[in-house]
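One structure is given here, and the rest of the page talks about it.
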Amino acid sequence: MQERYDAAAIEEKWQRQWEERDTFVVREDPDRQKYYLLEMFPYPSGRIHMGHVRNYSIGDVVARFKRMQGLNVLHPMGWDAFGMPAENAAIQHGTHPARWTRENIAHMRSQLKKMGFSYDWTREFATCDAEYYRWEQLIFLKMYEKGLTYKKSSFVNWCEPCQTVLANEQVEDGRCWRCDCEVEQKELEQWFFKITAYAQELLDETFHLKGWPEPVLTMQRNWIGCSTGCEIDFAVEGSGTVIKVFTTRQDTLYGATFMSLAPEHPMALELASAERRRGVEAFIAKVRRQDKTGRASGDYEKEGIFTGSYCTNPVTGDSLPVYLANFVLMDYGTGAVMAVPTHDQRDFEFASRYGIPKRLVIQPDGGVLTSETMTEAWIGSGRLVNSESFDGLDNETAKEKIADYLESRGIGRKRVNFRLRDWGVSRQRYWGTPIPILYCDGCGTVPVPEQQLPVLLPQDVRISGEGGSPLTQHESFLYTVCPNCGGRARRETDTFDTFVESSWYFVRFASPREHNAPFDRVAAEYWLPVDQYIGGIEHAVMHLLYARFFTKVLRDLDMLAVDEPFRNLLTQGMVCMETRSCPEHGWLFPEEVEEGCCSKCGRKVTLGRNEKMSKSKKNVVDPDQLIGRYGADTARLFSLFAAPPEKDLEWNEQGVEGCYRFLNRVWRAVYENMQDLAFTETVNEDAFAGRVLRRHTHRTIRKVTEDIDGRFHFNTAISAIMELVNTIYAFEAKKQCPSALREALETVVLLLSPFVPHLCEELWQLLGHSGGLEQAGWPNYEAAALTEDEKTIVVQVNGKVRGKVTVVADADQETLKAAALAEENVLRFIKNKTVRKVIVVPGRLVNVVAS
RNA sequence: GCCCGGGUGGCGGAACUGGUAGACGCAAGGGACUUAAAAUCCCUCGGCUUUUAGCUGUGCGGGUUCGAUUCCCGCCCCGGGUACCA
C-alpha cells in the first residue's frame, strides 16, 4: 500500500473499471425490488457548475446507498437540450444551435464522468434527438384527438424593431434587452394544453403525495388556486348584452357600486361611448405597453378609465358605471370584477380616486362602521346590512343564501374557479420541437399523420435574431402537401415550450431505445413511479406540475397506468458565491482577481453580495479546477458536507481544503494500521477500550444510516464519520483489540463509500476484499453493542444549567431526583429557597423549580 | 404586490418530537516535530466579568411554558417562484 493518497490515479482506475464492467447498467428484473432514482437533467449550457455537482452528488449518494442495500437501481442521465441559450449563442457567435448544443453535451458528459457518478450511460439521450421529440409529437397528436390541446389567441411580449417575441427574462424594465426599445403586447394565435381539465385532480393528489416537501405542495395548491363562489350576470344598460363576473364574495353583492373590466376584455371597446372612445382606446394601448409580469406583480400604479356605459346591479337595480382597470387580468375568472369598495381594499382605493359611491353591507361584530367614515375596506367577517331580506345574517351564511337566491332567479350560478390557466406551449422559436400541425386553405387545421412523423427540425438555417423564427422563411420546411386533399399546406412554424420535453423524459428513460413507441409499457410500469426525484427548489411549481399533468394525460391516453410520476421529492437549495466587479471591466471571474485587484487593470475590486451562481455575473467556480487539484471525491464530499441539501450553499474554497485533509486522514488511518490489522486472532476482545470503540462504531452505523435514508442529512452523516475517524486515531489499545479496530476501519470505508466511492473502493480492496463495495453491502448495527452503562444527566435550577450528575443508564426518576438534589452546585442555588417542583426527563435532565 | 422558504460564533453549519446552544469542519492564535518549509500532531477559540464560578447570547419586539433556536402574535432583512430562463 502506498503511503500517499493519490486521488487522480485512484479515480481513473475505478472509473475505468466501472465502465468496463458495466457496473451501473441495469435492466428490469421482476425478482428484485426496483428503485428509480432521478435527478433533474441539465440544460447543456456549456460546462457543469457547482449546482450540478451538488445536485448530482446528492443523487449519487442515494443511488450507491440503495445499491448497497441490494436494490435494483435505475439511475439515468440525459440532456434537456432545446432552449433559448442555444439561439442566443447562435446570434452572438454564429454557431449553429445544434453544433453548440452537441459540443456542450460532449464536454459536460466528460465532466460528469470525471465526477464518478454512477449513471447507466447506455440510457443517455438528448431531447433534441429526433428519436426523442418524434414521440413528443405523437403524444401531442393523441392529445389533439382527445381535445386536450387547442388554439386560442393570447398576448406575447413583442419588440417591433427586432420583429421578434421576447421571453420575460429578455424584457428589462419594459424594454428589449437587445435594442432597449419599448416592448408591447402583441396578440397571437397559440397552442394550449388543457391542464385546467386536470386542475381538480392535480389539487386533490397534493394531499396524498406523502413523500413531497410540504412547502412544495402548498405552492402547488396556491398556484392551482381553487376558489368557490358565483358567476353573476350584470345586464348592460341600453343593450341586450350581459357582463359575467366571477366572485367569491357574493355576500357583498348589495355593496357593488361599479364594475371593472380587464382592458383586454372582448366587450371593452363596444362598451365605450362615442365621446369616450378615444380615451378608452388610448388607455387600452397604454396597458398593452405594460409588460405582463409587471402588471401581475403590481409594479404599475393602479388606474382605470370610465367607459361611459352602465350596467345594473341585479339585486339592487342600481346603475353601476363600467370601468376598465389595469389590475384586472383577463386570465383570471371572467376578466370582469364586481367592485365593492367597502369590502375590497383595491376597490376602496379605486372608488376613492374616481369618486365612486361606497355602500356598507357587512358590519363587523360590535362595530359601527359607516361608508362615509371608513378609511379602509372591511374585509373581515360580520353581519349583513343594507341587503334587504339578507340583513342580519352572518356573512358566511349569506354567501350560501345569496348563491341559492341567484340560482333561483336565474341571474347567477355557483361556480368553482381555478387560478390555474391552460398551458400555452407555442414558442415562436427555432430551437425546439416542431408542432406537428398543417394549415390547408381548403381543410383548415390538419394534424400531421402519425406515419409522417417526425416533423424534422431543418438544420439549414441562419439565425440572426431579427425577423422572428427562421422556420417562417424556410420554404422546404414551410410548404407541404395536405394529407386530406392533396393541396398545398403550410406547416405550423411554432415549436414547443421546452417544459414539454421535461414533462415526460423520466418515462423515456425506462426504454430510451424503443423505436416503435414513446416508451415500452412493460419497462415503464416496472420502473415508474420515480422513487426519488431530486432537483432545484426553483422548479417547485411549473416543471413539477407539468410533469404531473403529463403523467395523467399518458394515463388517460391509455399508454401508462401511473397516476403520479414522483413518489418522493427532494428540493435542493441554490449554490451561491459572492460577486466581484471592477469599475473598468465589470463583473469578474474569481480567477481574474489578484490580491483584491483586477488582473486586467489593477484597480481595486468591489465585492458584491452572495448570489446564485450564474454565468452572467461570473460568480462561478469551474469544477474542473477543483477536480484537478483535489480529485472528484473531495469535490463531492465538500458539496455534501458544506450544507444540508435543501439549504442554499455558499461557496468557500477553504472548506474544500478541510475535506481533502479528511480524506488523507482516512487513507492514513488504514495505511498506519495495516500492521496491527494483520493480527487476526482475538486478544482480550472484551477489554473496556474495545467495547467503547465498538459502541462508537455501531452508533455511527445507526446515525449515518438514519441520516442518509429519507432524511438526506449528509452533512451530519459525514460529521459522524469524522468523529469515528477521530476516535480511531485516539484509540490506543490497537494491539489488544485488532478486530474492533478492523471493524471500525472497515465501517468507515463502507459508510463513506456513497460519498467518496473511488477512495473507498480502493481502500476496501487494500483491506483485503475482492468483491467490491456493492457486494459488501450496507452495514447493520448491533443493538447489543450500543448499550451504555452510565449516563450524564444535566441538572437545572429554574431552567438554568447548574450541574451534571452521572448515573447508571437505566436509573429511575426517584434516583435521578435524589442525585440531582445532592449535587454540590445545585445545593448552592437552592439554599434558602423552597423547592416547588422537580421535573425529571429520563435520560436527559432534571429541572429543580425553587423560589 | 402575491405565494413559498430562510436569518444561530470571525465563516459553513449542529441541536431529529419544547429539554446541556455552538457537534463536525474552516479560519485565527499558541505550542511540538524539522536546518527550514510543507505535511502532521497537541492546546485555546461566542461576548462580558470579580474566571473551580457567574452574567449574557440563536435577526428585532412581545407572548405561552418549569424550560423556547424550536410553539404563537407583530415587525425587519435576505433568497426562490410569479405562467416565454431552465
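Owing to the predicted nature of the structure, the values given are computational and were not obtained by experimental measurement. Numbered from 1 within each chain, the chains take letters A, B, ... in sequence-line order. Side-chain atoms are counted along with the backbone in the values below, which use heavy atoms only and exclude waters and symmetry mates.
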Length of the CZ-P vector between R711(A) and U17(B), whole Å: 8 Å

Length of the CG-P vector between N715(A) and C16(B), whole Å: 13 Å

Does the side chain of [X] get closer than 4.0 angstrom to OP1 or OP2 of [N] through an N or O atom?
X	N	answer
R665(A)	C24(B)	no
N726(A)	G25(B)	yes
R661(A)	A27(B)	yes
N798(A)	G67(B)	no
N825(A)	G54(B)	yes
T218(A)	C4(B)	no
K703(A)	C16(B)	no
R221(A)	C4(B)	no
N664(A)	U40(B)	no

R421(A) and D331(A) ion-paired at < 4.0 Å: yes

Pair E187(A) + K152(A): basic N to acidic O under 4.0 Å: no

Donor-acceptor pair present, Q428(A) side chain and C84(B) base, under 3.5 Å: yes

hbond_proxy N168(A) side chain to C84(B) base (donor-acceptor, 3.5 Å cutoff): no

Output field: ring centroids W504(A)/Y132(A) closer than 6.0 Å: yes

Base orientation of G9(B), syn vs anti, 90° cut from 0: syn

Comparing W223(A) and P215(A) on RNA chain B - which has the more 5′ nearest nucleotide: P215(A)

RNA chain B: 5'-proximal contact among R421(A) and A642(A) (nearest heavy atom): A642(A)

Please tell me which of the listed nucleotides, [options], lies nearest to the side chain of [X]?
X	options	value
L845(A)	U20(B), C84(B), G13(B)	U20(B)
F499(A)	G25(B), C84(B), A86(B)	A86(B)
M219(A)	C4(B), U40(B), C84(B)	C4(B)
Q796(A)	G6(B), U20(B), C84(B)	U20(B)
Y43(A)	A86(B), C85(B), A14(B)	A86(B)
R802(A)	C55(B), U20(B), C24(B)	C55(B)

Watson-Crick or G-U pairs under 3.5 Å in RNA chain B, rendered as dot-bracket with [ ] for crossing pairs and | for another strand: (((((((..(((......[....))).(((((.......))))).((((...))))..(((((..]....))))))))))))....

Distance under 6.0 Å and angle within 45° of ring axis: R221(A) vs F207(A): yes

Geometric class of the W423(A)/Y546(A) ring pair [parallel <30°, tilted 30-60°, perpendicular >60°]: parallel

CD1/I379(A): more than 12 non-hydrogen atoms of other groups inside 6.0 Å: no

Test item: R54(A) side-chain N/O and G573(A) main-chain N/O as donor-acceptor pair under 3.5 Å: yes

Name of the residue among Q170(A), E184(A), Q185(A) meeting side-chain hydrogen bond (donor to acceptor under 3.5 Å, both in side chains) with N157(A): Q185(A)

